[in-house]
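Below is one structure, written out as C-alpha cells, with a few remarks after it.
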Amino acid sequence: MQDLLAELLAVEATPKITLQVPASSDAKQRALTLRHLLELLARRLVKRNLPIVDIENAIERAGELAEDPGLMMARSGTAGVYLAGDYAKAVMWPARLAERGIVDTEFYLADAVALLDPAHCFLLTLCRGGAALFRADATSIQPIELLGVPADLAEATQHFDLERQLQFHQAQTGGSGAGGVVYHGHGIGEGRDVEELRNYLRAIDRAVRNAVTAEPAALALVGSDDLPAEYMGVTQLDVVADQVVRKNPVSIGSEELQDIAADVLSELRVREVDGIRGRIMDLLGTGKASQDLTEVTAGATLGKVEALLINSAGPESGEEQDVNRAAVETLRHGGTVHPDHAMPSDIEVAALYRY
C-alpha cells in the first residue's frame, strides 16, 4: 500500500475525485449506494463550473471503475476510486470505510491512513513438527522462508539417537578378577529432553534473526504447550511482543493468523499514539504542538508536522476536507498520521511539530 500512497500523492491534476463504496452482500443496495454517490459527485463537479462534457466523462469513468466485477463481487471491504485528469485508479480497501463522494484539491485519504500504515510485525508459529515465520502489515500477511531450520524436533535431535541407545561399559568386579558388564543410560532423563527442545528452538531463533535483520519489528508467538515460554527463554531477539497465542498452529488458518497480527499491530499503534498524544499535551502552548485545525493544516502544508493525530470518530460535517488536507500534507512531507480513538469529540486533530 505504500506504493499506492506514493502514487496518489504524486498526482498533480485537479480536481481530484474520490469515491468510496462499501461492499455489500446485497447487489441492489450497492447499486443504489453507487448511484447516490455518483449523483453527489456530479453536483459537486457542477459547483466547480467545469464543462458539462468533462463532468459527464468523469462520472461515467468513475462508475465504470466502481462497477469492476472484482470490486462488485467483494463481500467485505470498500471499493476506492480515484480520478484526476488522465489518472484513474480503483482499489479494494480491506476494511469498511465511510461512503464518500469527494471533489477536492486532494484525494481523500483520511479514512484509509490506518491501512496505509507502513508498520509491520512478525508472527512465529512453533510446534514440535516445525516452525513458520510470517510478516504482517495492515493489509496483508506473507510467509518468510526460514533457512537452516530443522524440519521438526525429531530431525533436530537425531544426532542424539546413539546416546539414546542402551549403553554399557566393562567394570571390574571385586575379588574374582572377572569382568562384569554394567548397564546404564536406559533412555534419557527429563533434563536432556528439555535441553534438546531448547537446542531445536535455538536453531529456529538463529534462522528468525537472520530473516528479520533487514527490517526488525515486534515478534508475536503462536504455539501450544510450553514452546512459546521455552522460546522466549532462548531467543536473542531484542523485542518479543507480550501477546502469546497458545494454540496448535496446525489448527490455525490464514485468516486467524491475519487476525492475530492485526491485534499485535493494533496494540503497537495504541502505544505509539499514546506516546505522541502525551508529547503533544506537554508541548501545547509552546508553539511545538497544536490542536487547532487551521494552524495544523497550514503547518502541514509547510512540512512542519512530524506526527498528526486525527479523530477516529471522523471529522465534523464541513471539516472533513480540511482534516484530509492536513493528513495528506503531513504524509506528503514524510510525517506520520494516526487515528486516535481517545481524542475528545470536540477536537479534530492534534499535531506534533518538527520545530
Side-chain angles (χ1 to χ4, degrees), residues 1-9 11 16-42 44 57-84 87-104 106-121 123 134-143 252-266 269 310 312-315 320 324 327-328 331 337 339 341:
M1 286 298 182
Q2 289 305 297
D3 290 343
L4 173 61
L5 173 61
E7 183 179 314
L8 292 173
L9 292 177
V11 175
K16 293 182 172 67
I17 295 173
T18 303
L19 189 64
Q20 292 178 184
V21 189
S24 174
S25 57
D26 186 333
K28 183 178 181 180
Q29 180 59 48
R30 186 187 186 280
L32 290 173
T33 298
L34 176 58
R35 187 174 70 182
H36 164 73
L37 290 173
L38 291 175
E39 290 172 352
L40 178 62
L41 283 177
R44 290 179 169 174
N57 288 339
I59 297 302
E60 180 180 4
R61 184 66 175 132
E64 290 174 351
L65 289 170
E67 290 173 344
D68 177 270
L71 301 184
M72 290 186 65
M73 294 177 65
R75 293 297 175 259
S76 63
T78 303
V81 173
Y82 304 92
L83 293 173
Y87 180 83
K89 189 79 171 186
V91 299
M92 195 68 198
W93 295 108
R96 187 172 183 83
L97 307 181
E99 294 178 14
R100 295 199 189 277
I102 302 289
V103 179
D104 197 14
E106 300 289 355
F107 290 126
Y108 195 88
L109 301 177
D111 289 339
V113 288
L115 301 174
L116 294 167
D117 188 350
H120 67 281
C121 69
L123 263 62
F134 301 86
R135 183 193 186 280
D137 57 28
T139 60
S140 65
I141 183 167
Q142 300 293 333
I252 296 179
S254 59
E255 289 188 6
E256 188 171 358
L257 280 176
Q258 180 75 67
D259 290 341
I260 293 170
D263 289 342
V264 174
L265 289 170
S266 177
R269 290 191 195 102
I310 60 177
S312 62
E320 60 184 9
N324 182 65
V328 169
L331 293 169
V337 183
H341 296 274

Residues Leu41, Val103; criterion side chain to side chain contact (heavy atoms under 4.5 Å, CB included); working and verdict: CA-CA 7 Å; Leu41 283 177; Val103 179; 3.8 Å; yes
Whether Tyr82 and Phe107 hold their rings parallel, tilted or perpendicular, with breakpoints at 30° and 60°: perpendicular
Could you pull out all residues at least two apart from [X] that satisfy side chain to side chain contact (heavy atoms under 4.5 Å, CB included)?
{"X": "Ala261", "value": "Cys121, Leu123, Ala136"}
{"X": "Ala88", "value": "Arg61, Leu65, Leu83"}
{"X": "Ala31", "value": "none"}
{"X": "Ser312", "value": "Pro339, His341"}

Derivation of the side chain to side chain contact (heavy atoms under 4.5 Å, CB included) call for Tyr87 and Lys16: CA-CA 9 Å; Tyr87 180 83; Lys16 293 182 172 67; over 6 Å; no
Arg30: partners by salt bridge (Lys or Arg N to Asp or Glu O under 4.0 Å), with sequence neighbours left out: none
Side chain to side chain donor-acceptor pair (under 3.5 Å) against Ser76, all qualifying residues, sequence neighbours excluded: none
Could you tell me which non-hydrogen atom of [X] sits nearest to which non-hydrogen atom of [Y], and how far apart they are?
{"X": "Leu38", "Y": "Ala62", "value": "CD2-CB, 4.0 Å"}
{"X": "Ala119", "Y": "Asp137", "value": "O-CB, 3.6 Å"}
{"X": "Met92", "Y": "Thr78", "value": "CE-N, 3.4 Å"}
{"X": "Pro22", "Y": "Arg96", "value": "CB-NH1, 3.3 Å"}
{"X": "Arg75", "Y": "Ser25", "value": "CD-CA, 3.5 Å"}
{"X": "Leu40", "Y": "Gly101", "value": "CD2-O, 3.9 Å"}

Could you give the distance from [atom1] ([X]) to [atom2] ([Y]), rounded to the nearest 0.5 Å?
{"X": "Met72", "Y": "Glu67", "atom1": "CE", "atom2": "CD", "result": "5.5 Å"}
{"X": "Leu5", "Y": "Leu116", "atom1": "CG", "atom2": "CG", "result": "5.0 Å"}
{"X": "Asn324", "Y": "Ile310", "atom1": "CG", "atom2": "CD1", "result": "8.5 Å"}
{"X": "Gln20", "Y": "Thr33", "atom1": "CD", "atom2": "OG1", "result": "13.0 Å"}
{"X": "Arg100", "Y": "Thr18", "atom1": "CZ", "atom2": "OG1", "result": "10.0 Å"}
{"X": "Ile252", "Y": "Gln258", "atom1": "CD1", "atom2": "CD", "result": "13.5 Å"}

Derivation and outcome, side chain to side chain contact (heavy atoms under 4.5 Å, CB included), residues Ile102 and Glu320: CA-CA 10 Å; Ile102 302 289; Glu320 60 184 9; 3.3 Å; yes
Test side chain to side chain contact (heavy atoms under 4.5 Å, CB included) applied to Val337 and Val328, step by step: CA-CA 9 Å; Val337 183; Val328 169; over 6 Å; no
Min side-chain heavy-atom separation Pro94-Leu115 under 4.5 Å: yes
Under 3.5 Å: donor-acceptor pair, side chain of Lys89, backbone of Leu4: no
